[in-house]
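Mind looking over this structure? Questions follow.
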Number of protein chains: 2
Amino acid sequence: MADDFSDSDALLFLTDAQLRRAIEAMFFAYRGFTADPDRILAEMDYGRAHHRAIHFIQRSPGTTVTNLLAILGVTKQSLNRVLRTLIEDGLVESRVGPRDRRERHLYLTEAGAALEAELSTAQRARMRAAFREAGPEAVAGFRQVLEHMMDPELRRVFAAAREGDR
Amino acid sequence: MADDFSDSDALLFLTDAQLRRAIEAMFFAYRGFTADPDRILAEMDYGRAHHRAIHFIQRSPGTTVTNLLAILGVTKQSLNRVLRTLIEDGLVESRVGPRDRRERHLYLTEAGAALEAELSTAQRARMRAAFREAGPEAVAGFRQVLEHMMDPELRRVFAAAREGDR
DNA sequence: CTTGGAATGTCAACAAGGCTGACGTAGTTT
DNA sequence: AAACTACGTCAGCCTTGTTGACATTCCAAG
């Protein structure tokens, strides 16, 4: 009976209607999530693709192009177009790999780091506000669900980054 | 003192590094969130824009174009291109408004409802799995944070839909 | 009953950012 | 020496967003 109850309890919050609402929430929230950086990026001639590149170079300075391709999940042609403008504009530096000289290792310049900081600050501010309003337990739950929504492969990338943080 | 503790507790989980990780989680999770519908849509000649339109018409049958524009946050030209193909392909029906005949009220046809169901089922399956693995408390927290991440205006739309569910 | 404004649709042109395919050039590995 | 890898690039295409201009239809106010 206790099992029956927990089963029905589990089913209770997994109704299709509630799942649909969660899907919608995800859609609207993502719009909010990108809104502030988008505004900043629009002023320069950049887009979300530039933001993503800058973000992941900030996270892993010296990362290679192939690495970035795997994380971003786009073609090299697509990434290259973005990287080229960032390098031309002096926001990203591309250094020949010290061991394997076919590789290009990517770093943010001072200007690149400045833009990254601006974008990140805006995005973190919204995140921080949402977290504060929702409370610590909500934040823990939020992160758990997000992790389980990822594709397994990306989840490994995500988890691996946690190790790198130390 | 109790207040001091809760303050420092609040600061504890709001470090920039953790906020950055949450931002990344949001990015990766959204990729997972759209992955399954994207695969289905790619087989037909549709994209995410079609999915969004179909979703919100399903949610609010008879909604007007203006309504949809506000929710989706795109220009009417952009939405119209998508709606036109959906109408041509017999997935959406556009009826002249009964009271105000300038308005177009949008409905899913049987075929449209079928596609919507297919997309929604795939997306709900991933959501359901993530929810089950993360547990009920996590789900509650997830939804709270998402709501607080939305722009206030969209949050009102989202909350209003809850009323309409009854 | 006219007129202003709202709702809708549509044409044209453009841009960002995805994609595929093909090819070249270093550099590394076998 | 041959094969493979990492990267860059050219060309062309698609979706989905944008602006601007304009026509139509129709409600509502004067």
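Remember, it's a predicted structure, so these values are computed and weren't measured experimentally. Below, chain A is the first sequence line, B the second, and so on; all start at residue 1. For the numbers below, each heavy atom of this structure counts, side chains included, while hydrogens, waters and symmetry mates do not.
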(message) Can you work out whether B:Glu103 or A:Tyr46 has the more 5'-proximal nearest nucleotide on DNA chain C?
(response)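 The residue closer to the strand's 5' end, by nearest nucleotide, is B:Glu103.
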(message) Less than 4.5 Å apart, side chain to side chain, heavy atoms only: is that true for A:Arg128 and B:Asp16?
(response)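 Yes, close enough: below the 4.5 Å cut-off.
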(message) Please report the distance, rounded to the nearest Å, between CG in A:Asp38 and C1' in D:dT18.
(response)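 Atom-to-atom, A:Asp38 to D:dT18, this comes out as 14 Å.
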(request) Please check if atom CD in B:Glu133 has more than 12 non-hydrogen atoms from other residues, nucleotides or ligands closer than 6.0 Å. (result)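 More than 12 heavy atoms, drawn from other residues, nucleotides or ligands, come within 6.0 Å of this atom.
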(message) For A:Leu91, is there any backbone N or O sitting under 3.5 Å from a side-chain donor or acceptor partner on A:Thr109?
(response)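 Answer holds: yes.
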(request) Could you tell me which residues satisfy ring-ring contact (aromatic ring centres under 6.0 Å, His included) with A:Tyr30, sequence neighbours excluded, listed by chain and number? (result)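 A:Tyr30 satisfies ring-ring contact (aromatic ring centres under 6.0 Å, His included) with A:Phe33, B:Tyr30 only.
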(message) Measure CG/B:Leu69 against P/C:dT10 and give the value in whole Å, please.
(response)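 My rounded result for the distance is 14 Å.
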(request) Round to a whole Å and report the spacing from CG of B:Leu86 to P of D:dT15. (result)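 After rounding, the gap between these two atoms is 13 Å.
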(message) Could you check whether any side-chain N or O of A:Arg143 sits under 3.5 Å from a backbone N or O of B:Ala22, counting only pairs where one atom can act as donor and the other as acceptor?
(response)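 Pair absent, no side-chain N/O of A:Arg143 close to backbone of B:Ala22.
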(request) Using whole Å, report how far CG of A:Leu106 lies from C1' of D:dA6. (result)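 That distance rounds to 12 Å.
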(request) Find the distance B:Asp45:CG to C:dC19:P and express it as a whole number of Å. (result)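 One finds 17 Å between P of C:dC19 and CG of B:Asp45, rounded.
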(request) Look at the rings of B:Phe28 and A:Phe56 and say which category their plane angle falls in: under 30° parallel, 30 to 60° tilted, over 60° perpendicular. (result)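 Rings of B:Phe28 and A:Phe56: tilted, 30 to 60°.
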(message) Applying the side-chain hydrogen bond (donor to acceptor under 3.5 Å, both in side chains) criterion to B:Tyr46, which one of B:Asp38, B:Thr85, B:Asp89 satisfies it?
(response)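 Answer after filtering B:Asp38, B:Thr85, B:Asp89: B:Asp89.
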(message) Distance check needed: D:dA11 P versus A:Arg81 CZ, whole Å only.
(response)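 Rounded to whole Å, this separation is 14 Å.
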(request) Please report, rounded to the nearest Å, how far the C1' atom of C:dG18 is from the CZ atom of B:Arg39. (result)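 In whole Å, C:dG18 C1' lies 17 Å from B:Arg39 CZ.
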(message) Across nucleotides 20-30 of chain C, 5' to 3', mark each nucleotide with B, S or - according to how protein heavy atoms within less than 4.0 Å reach it.
(response) BBB---BBS--
(request) Send over the distance from A:Leu83 CG to C:dG18 P, rounded to a whole Å. (result)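 Value for this atom pair: 12 Å.
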(message) Can you see if the side chain of A:His50 gets near the phosphate of C:dG17 - specifically, an N or O under 4.0 Å from OP1 or OP2?
(response)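 The answer is yes; a side-chain N or O of A:His50 sits under 4.0 Å from OP1 or OP2.
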(message) Below the 4.0 Å mark, does D:dG17 have OP1 or OP2 next to a side-chain nitrogen or oxygen of B:Arg52?
(response)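 Answer yes for this pair, as a side-chain N or O of B:Arg52 is under 4.0 Å from OP1 or OP2.
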(message) Does A:Arg84 reach a base, just sugar-phosphate, or nothing at all? Heavy atoms under 4.0 Å.
(response)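 Sugar-phosphate, no base atom in range.
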(message) Categorize A:Arg48 for me: base, sugar-phosphate, or nothing, with a 4.0 angstrom heavy-atom threshold over every strand shown.
(response)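 Touches sugar-phosphate only.
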